[in-house]
Amino acid sequence: MTLVLQNTLTRKKQEFEPIDPKNIGIYVCGPTVYDYAHIGNARPVVAFDMLYRLLRHSYGAEHVKLVANITDIDDKIMKRAAEENKDISEVADYFSQSYSEDMAALLALPPDATPKATETLPEMFAMMETLIEKGHAYEAEGHVLFHVPSMKNYGRLSGNSSDEILAGARIEVAPYKKDPADFVLWKPSSDDQPGWDGPYGRGRPGWHLECSCMIAKHLGKTIDIHAGGLDLVFPHHENEIAQSECAHGVPFARYWIHNGMLQMTGEKMSKSEGNIETVRDLLKSFPGEALRLTLLSAHYRQPLDFNRALVAEQKRRLDRWYRLTAEVEAAEVPETLITALEDDLNTPKALAALEALAKPETAAELKAGANFMGLLTASAAGWFQSAGSDEIFADEVEKLIAERIEARKSGDFSKADDIRDNLTSQGIILEDSATGTGWRRAD
RNA sequence: GGCGCGGUGGCGGAGAGGCUACGCAGCGGAUUGCAAAUCCGUGUACACCAGUUCGAAUCUGGUCCGCGCCUCCA
């Protein structure tokens, strides 16, 4: 069985054939760091982390390179910095750090490189120069603009032609644009705005340019896989293609894969809608693995209506798996799991494959498969008993359990039940078994 | 208006012409001093209307509804 991916570019499921199996490149569009990441931001990270893990498994970890950018210069960061009276680098560094922490809590492997826009300026200047030389870009009133009509097959990723894009579109056309569809590569900064000096005057880059440059710098002119959210198909990815292919004259990315949007009661989750749950807040109520599993419980391309009940459900599933694998060493990763994932990252099918192994005889395979998916990575004791900050301590629980065992031995069940009820009210659940009494923290 | 995606049981969610996944919840039972956990059993589904077919959730046409993108977006 080989990996098959739904390619946005061809609108088909296609067998994945790397350019060079010893050197596979994958790029995932990363965050603009102006606020805490919400759970919708985490969906591509977790989904494509699964792809990264699968590619490492199939081709060898040392032969796969994952690059994800950090956009650390942007008008939203500038706005935030102005509001808080801080330097933009201070805001960007803080949220960049919190982003890495949050994604690590969701068990996403760190990318091999996380380039920042501010570190990629020389490459941006060079690409703009090339584009101007080749007649694909021009300077106007301090801006550098990409001239869309200069590219014959612009729009093939999103299925729009530039005419169609403009028909009924809600854009105000800046007077310095030669064509309404032209987009900004570089824009001027006023004196009170952050800016960088360069060949086109003091200013800052447009949104799309950094990705084109980072990909060329870290992965090459043609890459295997470019991934990101469905909402980036147009204009962001379309414009990346335009910049890169016009500058380099070779195809940009062979496989484009896009994740569907997370929703909140039927509406897309987004900061501008204000209907978000931050990863940071959710982590106060749920373990990272439960959030990860929730994101993996639906296929990455499907919309997923997010709510906390879903996470609680997946938490219970993990509870069951942790019980089953508590004393078990992981075996080989089961082939049924790999087969399911190779079918366009079909994680729900993969989870069903794990459920088929969720019995005592095959617990070792369950553990291996779950580990492969970034699950069951803690110890069972840690999972069930890990202490919250202000909660009852483990040795206190053990002391009360011992008292209760004495009471039960002497037939004083009402005292035994009092102890248990008391613990329950503190969020501790007791489990009597043939071998003794265990405990865990309630959800 | 243009481009695209989708509607599956109480809920989540795969599948894609005949074998009706899987999980959560529910119900019945076992076990337990009582619980918890576990185990066994169990019901309910393919938005609507036509058509193709021996046979349609699955293919075709139409209808309805929902969602995304159309220069802030994961």
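The model shown is predicted, which means the values in this text are computed figures rather than measured ones.
Interface remark: the A/R420 side chain does form a donor-acceptor pair with the B/C34 base, using a distance-only criterion of under 3.5 Å. On a pure distance criterion of 3.5 Å, no polar donor-acceptor pair joins the side chain of A/R11 and the base of B/G4. At a cut-off of 3.5 angstrom, the base of B/G33 holds at least one donor-acceptor pair with the side chain of A/D417. The base of B/G23 lies close enough to the side chain of A/E313 for a donor and an acceptor atom to sit less than 3.5 Å apart.
The residues A/R156 and A/E245 are annotated as salt-bridged, a charged nitrogen and a carboxylate oxygen being separated by less than 4.0 angstrom.
When the options A/D412, A/D421, A/D432 are evaluated for a salt bridge (Lys or Arg N to Asp or Glu O under 4.0 Å) with A/R404, the one that passes is A/D432.
Rounded to whole Å, the separation between the P atoms of B/U8 and B/C67 comes to 14 Å. Taking atom P in both B/G15 and B/G26, one finds a spacing of 28 Å when rounded to whole Å. Rounded to the nearest Å, the gap between the P atom of B/C5 and that of B/C48 is 22 Å. Using C1' as the reference atom, B/G12 and B/G4 are 25 Å apart when rounded to the nearest Å.
Cation-pi geometry between A/K79 and A/Y34 is not satisfied (NZ or CZ under 6.0 Å from the ring centre, within 45° of the ring normal).
For the OP1/OP2 pair of B/C24 and a distance below 4.0 Å, the side-chain nitrogens and oxygens of A/K315 include no atom meeting the criterion.
Whole-Å rounding puts the A/E267 CD to B/G68 C1' distance at 11 Å. The distance between atom CG of A/N7 and atom P of B/C5, rounded to the nearest whole Å, is 14 Å. Spacing between atom OH of A/Y300 and atom P of B/A74 amounts to 19 Å, rounded to whole angstrom units.
Looking at heavy-atom distances under 4.0 Å, A/L351 makes no contact with the nucleic acid at all. Residue contacts shown for A/R156 are absent, as no nucleic acid heavy atom lies under 4.0 Å away. Residue contacts shown for A/S272 include a base, since a base heavy atom lies under 4.0 Å away. When heavy atoms are screened at a 4.0 angstrom cut-off, A/L310 is found touching the sugar-phosphate backbone but no base atom.
For A/T8 and A/H258, the side-chain atoms include at least one donor-acceptor pair closer than 3.5 Å. Side chains of A/T32 and A/D74: no donor on one and acceptor on the other come within 3.5 Å.
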Enumerate all atom pairs, one protein N or O and one N or O from nucleotides 15-19 of chain B, separated by less than 3.5 Å.
residue : atom : partner : partner atom : Å
B/G15   : OP1  : A/N346  : ND2          : 2.8

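Stem analysis of RNA chain B (Watson-Crick or G-U pairs, both distances under 3.5 Å, runs of at least three) returns B:1-7 with B:64-70, B:10-12 with B:22-24, B:26-30 with B:38-42, B:47-51 with B:59-63.
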